[in-house]
Amino acid sequence: MSIEHRRHFTVPPPDTGESKHNPTTTWNCYLRELSKQKKYQEALTVYRHMLRSSFFPNTFTFPVLLKSCALLSLPLTGSQLHSHIIKTGSQPDPYTRSSLINMYSKSSLPHLARKVFDEESINLTISYNAMVSGYSSNSMILEAVNLFRKMRREVSFSVNSVTMLGLVSGFTLPSHLKLGACLHACGFKFGFESDLSVANSFLTMYVKCGEVEQARQLFDEIPVKDLITWNAMISGYAQNGHARRVLELYFEMKKMGGVNPDPVTLLGVLCSCANLGAQGIGREVEKKIEQLGFRSNSFLTNALINMYARCGNLVRAREVFDCMDDRNKSVVSWTAIIGGYGIHGEGEIAVELFDAMVRSGVRPDRTVFVSVLSACSHAGLTEKGLKYFDEMVRKHGLQPGPEHYSCLVDLLGRAGRLKEAMDLIDSMKVKPDGAVWGALLGACKIHRNVELAEVAFQHVIELEPTNIGYYVLLSNVYSDAKNLDGVLKVRIMMRDRKLRKDPGCSYVEYKGKMHLFYSGDKSHPRIKEIYRMLDELESLVKEIHQPDHKCQGKTEEPLIGAGVHSEKLALAFGLLNTKPGTDITVMKNLRVCVDCHVFFKLVSKIVNRQFIVRDATRFHRFKNGVCSCKDYW
DNA sequence: ATAGGGTTAG
């Protein structure tokens, strides 16, 4: 009997004689059907009904139920089943035993799993597989590998590809890489490389260990790729910030044909669009979502909100958010929209949304507080920010981490309350990370506090000695104070440590492509037009610009961004290619250079257009191999 | 027994 016929029953009716089998078999079929449809909770309910109706489970009943417990992470129900199995007297058969091992492993109880494993003197491949995978998924890599070795030694139990899958899935940290690569070579020897699922799992392993290049090499070696292969590589690039490569791969996949994207693919693409500010491509993805009927996937909707928000299109982000069914609005959805308003300085709206979220009964988590606090600090809502921090701890019982403290230090610092910021750091229960001291250093830059800047610098450099941004920041503090010795000191320090500032770059999106500019860049095909436009703008700006006394103190030899700023080039290019009345989003590294804000504001006034300057920090952070090539236009 | 997934600041 199919599940369709049973829909109007909560549980199957007792055997009506339609089946020649024993009634338990009918129940088992029903349970298996539920499990196939991933209705695990229902399966367990049906089991209770089964007991109440005095039908007895047999060996085929338990594996299904144990799987439900494993996937729902219900170790209590699982161990009850375990004792029930023991009570039935008979030794659990191999399938039930491997299900038990799996259930305990998935509930993070590998020791109990091992107990079940050890109860049998001769284990079959399936028990070994379950145990190896159990150790592996509980990050007990050594135990997993040892068992794997034992398995290989005992001739009668051969390693199969499922063993490999279970073992490899646990290699998730950079420290696992060496063993993992070894295993990869070993897998080749066994002839597993022809098994696509094994190859895919190694691909994922390289991604998780942070070795995208290795992953790519393997990806290229796989002759016939399936959707999982593409997804593993695409999301691998996405997670490691290689946004540009994600898009390249996505287009390649489309060109190849044969494989259609699924929600996982599009998720990686959208995330990369968000990081690149590639709204045009993002819009196409949205159409695709519509076409393929993935509208109801809330992962995708959240990614869409995030994409539009980060691309500066708050209107569309809000529309997508508002169109969501209230039941589907998770903390993540709220975080995306709140963060969106926060980035663009709309702190008031961000805060209102946060309150609305709490009212709607969604429990805030630590991440959403990061968004709220940073929204407050960007909008100068100092008191509100402090209030929310307090509520986070007292009302919602959430432990503040360094990421919250760095927002709070930023909040107090921007408001000029440097002393309080310093006291806050002293009062921290967790160890301050680089970001906390970095926020203080940034505040010292704004408020020209050389002494405190030196203290903050000492700390931050201990934690992040190779982060060039902080050296630049301190140098600028000295430079503002006309302390040339200080500037020199920092420069020598940078030279000794062989740190070089990568050239910053800005970009705008045009016709679905990124147009990238370095400062003083002359490589763009339409460079002549761009410079002509820029000259025009600069002379117009000079006409209306009254020199600001604050700018006078600047030393003439800045560490970075000398000459024509990259964002000016990007702006000029944007103006050349868009119709009057449309907004232009320029992506730049907000942290490095703020001087261009004045220029942007003035141009905005002159041409009567809106410019959105978007932070491309993420893009810059991971730009190894992303930013260096010139083939963006 | 089995490979791929959304949010955060400086």
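Reminder, nothing fancy here: chain letters follow the sequence lines and each chain counts from 1. Heavy-atom basis, side chains included; hydrogens, waters and symmetry copies ignored.
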Hey, is the side chain of [X] poking within less than 4.0 Å of OP1 or OP2 on [N], counting only N and O atoms?
{"X": "A:Lys208", "N": "B:dA3", "answer": "no"}
{"X": "A:Lys106", "N": "B:dT2", "answer": "yes"}
{"X": "A:Asn297", "N": "B:dG6", "answer": "no"}
{"X": "A:Asn306", "N": "B:dT7", "answer": "yes"}

Counting any heavy atom closer than 4.0 Å, what does [X] reach on the DNA or RNA strands: base, sugar-phosphate only, or nothing?
{"X": "A:Thr335", "result": "base"}
{"X": "A:Ser169", "result": "sugar-phosphate"}
{"X": "A:Arg414", "result": "sugar-phosphate"}
{"X": "A:Ser330", "result": "base"}

With respect to the side chain of [X], which nucleotide from [options] is positioned closest?
{"X": "A:Val264", "options": "B:dG5, B:dA1, B:dA3", "result": "B:dG5"}
{"X": "A:Asp410", "options": "B:dG10, B:dG4, B:dG6", "result": "B:dG10"}
{"X": "A:Asn231", "options": "B:dA1, B:dG5, B:dG4", "result": "B:dG4"}
{"X": "A:Val370", "options": "B:dG4, B:dA1, B:dA9", "result": "B:dA9"}
{"X": "A:Ile228", "options": "B:dA1, B:dG10, B:dA3", "result": "B:dA3"}
{"X": "A:Ser197", "options": "B:dG4, B:dG6, B:dA3", "result": "B:dA3"}
{"X": "A:Ser235", "options": "B:dT7, B:dG5, B:dA1", "result": "B:dG5"}
{"X": "A:Leu267", "options": "B:dG6, B:dG10, B:dA9", "result": "B:dG6"}

Do the two ring centres, one from [X] and one from [Y], sit under 6.0 Å apart?
{"X": "A:Tyr471", "Y": "A:Phe457", "value": "yes"}
{"X": "A:Trp437", "Y": "A:Tyr470", "value": "no"}
{"X": "A:Phe202", "Y": "A:Phe171", "value": "no"}

Just to verify, what does [X] make a side chain to side chain donor-acceptor pair (under 3.5 Å) with, not counting sequence neighbours?
{"X": "A:Glu290", "result": "A:Arg295"}
{"X": "A:Thr61", "result": "A:Asn28, A:Asn58"}
{"X": "A:Ser35", "result": "none"}
{"X": "A:Asn260", "result": "none"}

[X] [atom1] to [N] [atom2], straight-line distance once rounded to whole Å:
{"X": "A:Leu196", "N": "B:dG4", "atom1": "CG", "atom2": "C1'", "result": "12 Å"}
{"X": "A:His404", "N": "B:dG10", "atom1": "NE2", "atom2": "P", "result": "13 Å"}
{"X": "A:Leu66", "N": "B:dA1", "atom1": "CG", "atom2": "P", "result": "9 Å"}
{"X": "A:Ile289", "N": "B:dG6", "atom1": "CD1", "atom2": "P", "result": "14 Å"}
{"X": "A:Asp433", "N": "B:dT8", "atom1": "CG", "atom2": "C1'", "result": "13 Å"}
{"X": "A:Asn200", "N": "B:dA3", "atom1": "CG", "atom2": "P", "result": "11 Å"}
{"X": "A:Asn302", "N": "B:dG6", "atom1": "CG", "atom2": "P", "result": "11 Å"}
{"X": "A:Asn476", "N": "B:dG10", "atom1": "CG", "atom2": "C1'", "result": "16 Å"}

Tell me which residues in residues 374-382 of chain A put a heavy atom below 4.0 Å from DNA chain B, sorted by number, or none.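 Correct list: A:Ser374, A:His378.
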
Report, one line per pair, each donor and acceptor closer than 3.5 Å where one atom sits in a side chain of residues 368-379 of chain A; sequence neighbours left out.
unit_1   : atom_1 : unit_2   : atom_2 : d
A:Ser374 : OG     : A:Ser371 : O      : 3.3
A:Ser377 : OG     : A:Ser374 : O      : 3.4
A:Ser377 : OG     : A:Asp410 : OD2    : 2.8

Between A:Arg97 and A:Glu119, does at least one N-O distance fall below 4.0 Å, as a salt bridge requires? no

